[in-house]
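Report on the structure given below.
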Amino acid sequence: MRRHSLIFRLGGGDRSRMEWVEPSSVRTQIDLIDSNGKLAHGIGDTLDGLGKLGITPSVIGVDLVLIASAVYAADKRISRATEAQDSWTREIDLHIPVAQPEIWSRAASDLQRMLQFLTGDRWRLFFRLSPKKYRSLAREVAEPATTRTSCCLFSGGLDSFIGAIDLFSQGESPLLVSHGWVASDSKHQQLCLNALVGNFPSLSIRHLRSRIGFPEQLIKDSEPERTERSRSFLFFSLAASAISGTSSPTTIYIPENALISLNIPLDPLRLGSFSTRTTHPFYIARFNEMLASVGILTRLLNPYRHMTKGEMASSCKDTALLENSHTLTMSRSSASKARWKGLPPSHCGHCVPCIIRRAALAKMSVDDATVYVTDLHGSTLNSTKAEGGDIRSFQYAIHRLGNDLDRARVLVNQSGPLTDYPAEIEDFAQVYRRGLQEVGELLKGVNTSPNV
């Protein structure tokens, strides 16, 4: 195991000396300014994109993007397999230049706690004053943008597509915010955007697409990391930054079904690395606390946190649009898996997001035209391999839960505490049971072997 210290710099004039908490850590210097004096790694392009939309984030909002970019760089470029003693938990120090170091230093302990819950790593964040020339990095705009009534995360997945459809159908005018590092992400985001523009021709649909990312060989002697538990921190931060310059509170909508959001371990072996917490209610509550502490007037809200994916689809405000366009969406964790079989990016059909997606469209009675690599009913699936592992875990969870609500009330706290939502425990328990029932209907007649 090696502790890593990542020192982010803003150009050649940023040569502040660091006080090393862990002198033996592996140190990596990362310049956030390119040879043209512009913010690099997609950060500058993202801020320019906001400017083109008539949006000027606050100084704190820009700081938040820098912090989230630094976290994302560490998360994606420090290998869990080689750099963590248990092949998962890394120890990471980040030294980040910001325009308001006193504000972020007060928030550091809460940030570290939030990130540890989100990624499973041990983080330490240290903030220093950025060079004077880089304390105002946002592109100023001559005319303010048309008022946005809200902001909505727009990943190109089925849930985010439903969320956008519902908002536009209800007369909202949200700013859509996307992040895509790989080409398949951008492709599906654009296809979904085109469908929305075509369906709501009278609306001015504004969309921010960010491609913040870092080269694979950023960290010497470390392979890149294939997981990306911190991506939602970057995603949320982009949205918060986009509306940080407004003077009135604005809501950031996170369209995510309850089964994925709660992400309760399906079997006893699925704790830790398998239990992603990217939209978990506990994490969202901590992010909202962080926003309040640094003075950004917005809050994250998942209006679908008590709904299964099938319920989201069935209650969509424009089911015709959803039925006609569902093949444009992509369950993000699946796209690259098809390449292992020499196929273009597509849905694998057997991972957790794919199974929940297939169950939702089946509940909606949609003729699911999505291309899946795995045929669930074509043959017996090997539960010791990827094609059957998640399916077998679902079968185990469905059998274990049965119709036992008392057990459901216990299980909903396994992936993270719900202490911020004491009045909603019953809702979470009920939706977990309904979500498993939804998947159970899909998996009827699906055979896995051996029984492990």
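We use all heavy atoms of the structure for the numbers below, so side chains are in, but hydrogens, waters and symmetry mates are not.
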In this structure, is the centre-to-centre distance between the rings of [Y] and [X] below 6.0 Å?
{"X": "His347", "Y": "Tyr372", "answer": "yes"}
{"X": "His280", "Y": "Phe117", "answer": "yes"}
{"X": "Phe236", "Y": "Phe287", "answer": "yes"}
{"X": "Phe8", "Y": "His95", "answer": "no"}

Quick check: do [X] and [Y] have side-chain heavy atoms less than 4.5 Å from each other?
{"X": "Val431", "Y": "Leu259", "value": "no"}
{"X": "Lys38", "Y": "Asp48", "value": "yes"}
{"X": "Ile7", "Y": "Trp20", "value": "yes"}
{"X": "Ile355", "Y": "Asp390", "value": "yes"}

Quick check against the 3.5 Å criterion: does [X] have a side-chain atom that pairs as donor or acceptor with the backbone of [Y]?
{"X": "Ser293", "Y": "Met290", "value": "yes"}
{"X": "Asp75", "Y": "Ser230", "value": "yes"}
{"X": "Asp63", "Y": "Ala99", "value": "yes"}
{"X": "Tyr432", "Y": "Leu411", "value": "no"}
{"X": "His41", "Y": "Asp31", "value": "yes"}

Residues at least two apart in sequence or cross-chain that pass side-chain hydrogen bond (donor to acceptor under 3.5 Å, both in side chains) with Asp14, listed by chain then number, are Arg128
Side chains of [X] and [Y]: is there a donor and an acceptor less than 3.5 Å apart?
{"X": "Arg77", "Y": "Gln217", "result": "no"}
{"X": "Thr308", "Y": "Glu438", "result": "yes"}
{"X": "His4", "Y": "Glu91", "result": "no"}
{"X": "Thr46", "Y": "Arg211", "result": "no"}
{"X": "Arg231", "Y": "Thr278", "result": "no"}
{"X": "Asn194", "Y": "Gln190", "result": "yes"}
{"X": "Glu228", "Y": "Tyr72", "result": "yes"}
{"X": "Gln29", "Y": "Arg9", "result": "yes"}

Is any NZ, NE, NH1 or NH2 atom of the basic residue among [X] and [Y] found under 4.0 Å from an Asp or Glu carboxylate oxygen of the other?
{"X": "Arg305", "Y": "Asp427", "value": "no"}
{"X": "Asp121", "Y": "Arg90", "value": "yes"}
{"X": "Arg124", "Y": "Asp93", "value": "yes"}
{"X": "Arg2", "Y": "Glu83", "value": "yes"}
{"X": "Asp110", "Y": "Arg286", "value": "no"}
{"X": "Arg226", "Y": "Glu216", "value": "yes"}

With sequence neighbours left out, the residues meeting salt bridge (Lys or Arg N to Asp or Glu O under 4.0 Å) with Asp34 are none
Open item on the list: Working note: Leu418 + Leu262, criterion side-chain contact (heavy atoms from CB on, under 4.5 Å); need CA distance, chi angles, decisive distance, verdict.
Closed with: CA-CA 10 Å; Leu418 295 171; Leu262 292 173; 4.2 Å; yes
> Yes or no on salt bridge (charged side-chain N to carboxylate O under 4.0 Å, His left out) for Lys76 and Glu225, after CA distance, side-chain angles and deciding distance?
Replying inline: CA-CA 5 Å; Lys76 284 293 292 175; Glu225 174 58 34; over 6 Å; no
From the list Tyr304, Tyr253, Phe161, side chain to side chain contact (heavy atoms under 4.5 Å, CB included) with Asp166 holds only for Tyr304
Given the options Leu203, Leu167, Asp318, Ile165, Leu196 meets side chain to side chain contact (heavy atoms under 4.5 Å, CB included) only with Ile165
When His188, Arg209, His207 are each screened for side-chain hydrogen bond (donor to acceptor under 3.5 Å, both in side chains) with Ser178, the one that passes is His207
